[in-house]
Asks: 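If you scroll down you'll find the structure; I have some questions about it.
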Amino acid sequence: ASSNNALGKGLLTALSGDTLDDSVWEEVEDTLLGADLGVDATTEIVDGLKRRVQVEGAPTTEKLESWLHEELLAQVGPDMDRRIAGTRVGDRPAVIMVVGVNGTGKTTTIGKLARVLVAEDKDILLGAADTFRAAAADQLETWGARVGVPTVRSAKEGADPAAVAFDAVKAGRDNEVDVVLIDTAGRLHNKVGLMDELAKVKRVIEKQSPIDECLLVLDATTGQNGMRQAEVFAQAAEITGVVLTKLDGTAKGGIVVLVQRELGVPVKLVGLGEGADDLAPFDPKAFVDAVLD
Amino acid sequence: MFNSLSDRLTSTFKNLRGKGRLSESDINATIRDIRLALIDADVATPVVREFTGRIRERALGAEVSAALNPGQQVVKIVNEELVEVLGGKTRELQLAKRPPTVIMLAGLQGSGKTTFAGKLARHLRDKGHFPVLVAADLQRPNAVTQLEVVAERAGVPCFAPERGNEGGHDTASTEGTQSYGDPVWVAQAGVGQAKVRQYDVVIVDTAGRLAVDENLMQQAADIRAAIQPDEVLFVIDAMIGQAAIETALAFQKGVDFTGVVLSKLDGDARGGAALSVSSVTGRPIMYSSIGEQTKDIEVFHPDRMASRILDMGDVLTLIEQA
Ligand SMILES: Nc1nc2c(ncn2[C@@H]2O[C@H](COP(=O)(O)OP(=O)(O)OP(=O)(O)O)[C@@H](O)[C@H]2O)c(=O)[nH]1
Ligand SMILES: Nc1nc2c(ncn2[C@@H]2O[C@H](COP(=O)(O)OP(=O)(O)OP(=O)(O)O)[C@@H](O)[C@H]2O)c(=O)[nH]1
Ligand SMILES: [Mg+2]
Ligand SMILES: [Mg+2]
C-alpha cells in the first residue's frame, strides 16, 4: 500500500493533524461507497476499523491503509472455492447455465469460457436458449465459430427456450462432450413471468441432467440493484457462482462484496474485455487493490 | 439489511414532530438520512455531497411551515430540488430545419442502444416520420443482424452495407474484437442514402464502448464529426452505480451528447444515475426506455423519477396534501 493513490493522498491530509477526525472516516467511506460497496458493507468495514483504532491506538497513514486492505479482503472471502465445474461428471457432460439481467455479458462470457475450456482440450457444446432477443442465437453461434465449438439452436425465433436447452443437453450427452454451456435470455428480476420461465428452463434441463453450475452474470457498473438481482435469481435458479463483467472499465463492482456474503456464493470469474481471451479467475487481492486504488 | 429511506425518515420525522422550528442539528440528522438514501439509490457520492449541501442551505433559510413538520419540510425541499435538476431542461427532440434529422446513439456496452434505435424509429414513425436505421456497430458479434431484426419489428428500413462481425467473416483476434469495415463510412453513407431516398430521420446505432477506451471513443468522435448529427443521445442503463459520473463525462467529452436516454427503467433500480448524469453534464434526459419491445418508450418524467429516487411515495403524498 503506497500513498500514491487517491485514497492515500486523501488520508495523508486527513491524518496530518495527528488525530483521527471525522474527515478520515469520510475519506474511507467515500472510497468504499464510490466503488459501489453500498452503505451496509461500508459501514461494517468502517466500524471494524474504528474498533481497531480504539484497541490499538491511532495509526499512521500506512498502517490505516493496510488495516483497510485487511478488513476489505476479509469481507471478500479470500478462501472461498472458486473453481468452475468444467469436467465430465461420471458418464455425462457437466452442464453450466448462465443467467442474469439484460446486457450484462452472458453470451460473451459463454464464448470466453468455451475458449478457456477448449484450450484445456475439452469438447464443448453451446445451447442457445435465448430465443427472444433479436439475433441472440446468431450472436452465440458467432462466438461458437470464433472458438471452434458447435451451437445447438432453434431455427426460428420465439421457440420455447426450455425445449432448446433440453435439446442442447441431450445432444451433449449423445455426443459425449465434456461441457454443455447454456445461454439464457437477459431478464429483469422483477418480471415474475420471465423468472418463472427461467425456473422452467432449469426444471426441463434437469429432466436430462443435473445442472452443475449456474453462473449469475453481474455487470461491474451495476450499483445497489445488483443485490436484488442476485437474491431473486438465486430463488429462481440455484446460483453457484457469480461472473463480474466489464471490469476493464472504470467501475469496481463493489456490490459483489454484499452479494457474496448474503448468498454465500463466490465470484468465480471476471470479464475484462470483449475479446475471446478476456476472462480471468476472480482474484480477491487484485479486486481489493482496485477498490482502494 | 438496513431500512428503506421511508422507514428511516419516518423515524426521523417522529423525532422531529412537534418541534416548532428546525434547528441545525435537526437538519443535519435529516440530511444524513437523505445522504444515505441517495447513495442507496446509486447517486454518485460527489453529487450527493453537492446536492445535500444545497439542501442544507435552503433548509436553513426556509420559513417554518404551519402544515408540515420540519423533517417533512426538508423532504419537500429535497423533492423540489430533485425535480428541478432532473427536469430543468427537459425538451423535445430537435428536428432539422432541412431534413433529414440525424440522430446518433452512443453509450456503454449493453446499455440498450440497439433496442432503443428501434423504439425511437417506431415512435417517430407513429408521428408520421419516415426513419431509417443505420447499422454502424460493426464490432459486437451480429450487431448488424440484431439491428435488422429490430428494424423489421419497428416496421422501418435498415441501412446495412457492411455485415460487421458474424460467423464467416469475423475479425476476432486474440487482441480483442475489431470492426469489420469502417463504421464512419457506414454512418456517412447512411445519411447520404437518407437524402437520396427521402427518409426524414436517420438513426445511427453505434458499438458500445467504455469511457476509458480512447481508440473507440475517438471512433465515436469521428462518426460524430462525419455526420454532424442534430442530436447525439447517450443511452445509459438505469441500474448503473457510481460509475455514472465518469462515464457520462467521458461521453460528453468524446461525443458531446445533446440528450440522455435512461434505459431498463422497467426494472426496480432506483435510478440515482439520473441525478448524477443530469448534475454533472447539464444535459436533459429525454426518454425513458421501459422494456424489450419496440413500444416500450416514454418521454421522460422528472417528477416520477424524483419520487422513484427518493422512494417515499407515502411521505410525498402527505406533503402534497399539506
Ligand atoms: N468491455 C467489456 N465489454 C463486455 C464484457 N462482457 C461483455 N461485454 C460487451 O457487453 C455487451 C453485451 O454483452 P452480451 O454478452 O451480449 O450480454 P448478454 O448478457 O448476453 O445480453 P442479453 O442477452 O441481451 O441480455 C456486448 O457489447 C459485449 O461485447 C467485458 O467484460 N468487458
Ligand atoms: N427490460 C429491458 N431490457 C432492455 C431495455 N433496453 C434494452 N434492453 C435489453 O438489454 C439488452 C441489451 O440491449 P441492446 O439494445 O443490445 O444494448 P446495446 O447498447 O445496443 O448493446 P451493445 O451494442 O452490445 O453495446 C438486450 O437484452 C435488450 O433486450 C429496457 O428498457 N428494458
Ligand atoms: Mg445474450
Ligand atoms: Mg448494440
Side-chain angles (χ1 to χ4, degrees), chain A residues 29-30 33-36 38-40 42-43 101-105 107-108 111 132-147 157 185-191 219-226 228-229 245-246 248-255 262 273-278, chain B residues 1-2 36 39-42 44-46 49 108-112 114-115 118 139-150 152-153 165-168 170 172-177 208 210-213 237-244 246-247 250 263-264 266-270 272-273 292:
Chain A
E29 244 177 52
D30 276 6
L33 292 173
D36 290 311
V39 174
D40 260 9
T42 298
T43 311
V101 300
N102 306 82
T104 53
T107 306
T108 308
F132 180 74
R133 215 216 49 225
D138 302 316
Q139 185 192 358
L140 187 71
E141 213 170 17
T142 296
W143 268 107
R146 237 174 225 192
V147 301
E157 240 178 61
R187 67 198 79 224
L188 293 177
H189 51 284
N190 61 333
K191 309 224 159 157
D219 183 328
T221 59
T222 307
Q224 300 308 297
N225 194 245
R228 278 301 292 156
Q229 295 171 23
T245 57
K246 308 186 194 175
D248 47 327
T250 53
K252 315 281 194 194
I255 189 64
E262 296 293 309
E274 299 186 77
D277 290 329
D278 297 327
Chain B
M1 277 277 116
F2 53 91
L36 291 181
I39 287 169
D40 206 29
D42 290 324
T45 52
R49 179 164 305 159
L108 292 177
Q109 286 93 345
S111 57
T114 305
T115 312
Q139 174 143 338
R140 166 180 169 155
N142 295 86
V144 175
T145 333
Q146 185 190 0
L147 192 73
E148 284 170 337
V149 175
V150 160
E152 197 186 310
R153 289 181 187 169
N165 283 314
E166 62 181 33
D170 186 352
S173 67
T174 47
E175 299 290 293
T177 312
L210 292 173
V212 288
D213 190 330
D237 189 323
M239 294 179 275
I240 194 173
Q242 299 286 324
E246 252 177 304
T247 306
S263 71
K264 308 182 198 172
D266 47 327
D268 60 5
R270 302 261 298 282
E292 296 191 70

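Keep in mind the model is a prediction, meaning the values are calculated, not measured. Naming: A, B, ... by sequence-line order, numbering from 1 per chain.
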Asks: Highest number of heavy-atom pairs under 4.5 Å with chain B: which of A:Gln229, A:Arg228, A:Lys246?
Replies: A:Lys246
Asks: One thing to verify: whether A:Lys191 and B:Glu292 come together as a salt bridge, which I'm taking to mean a side-chain N less than 4.0 angstrom from a carboxylate O.
Replies: no
Asks: Can you tell which part of B:Ala44 gets under 4.5 Å to a heavy atom of chain A, answering side chain, backbone, both or neither?
Replies: neither
Asks: In terms of heavy-atom pairs under 4.5 Å with chain A, which of B:Asp266, B:Val144, B:Thr145 leads?
Replies: B:Asp266
Asks: B:Arg49, B:Glu246, B:Gln109: which one forms the most heavy-atom pairs within less than 4.5 Å of chain A?
Replies: B:Gln109
Asks: Rounded to the nearest 0.5 Å, what's the gap from CG on A:Asn225 to CG on A:Asp219? Could you check?
Replies: 11.5 Å
Asks: Say you draw a straight line from CD of B:Glu166 to CD of A:Glu141; how long is it, rounded to the nearest 0.5 Å?
Replies: 10.5 Å
Asks: May I ask you to name which of A:Gly223, A:Gly111, A:Gly103, A:Gly186 has the most heavy-atom pairs under 4.5 Å with chain B?
Replies: A:Gly223
Asks: Specify which of B:Val212, B:Thr45, B:Ile240, B:Leu147 makes the most heavy-atom pairs with chain A at under 4.5 Å.
Replies: B:Ile240
Asks: For A:Glu157, I'd like to know if atom CD has over 12 heavy atoms of other residues, nucleotides or ligands within 6.0 Å.
Replies: yes
Asks: Side chains of A:Gln224 and A:Ile255, heavy atoms from C-beta outward: is any pair under 4.5 Å?
Replies: yes
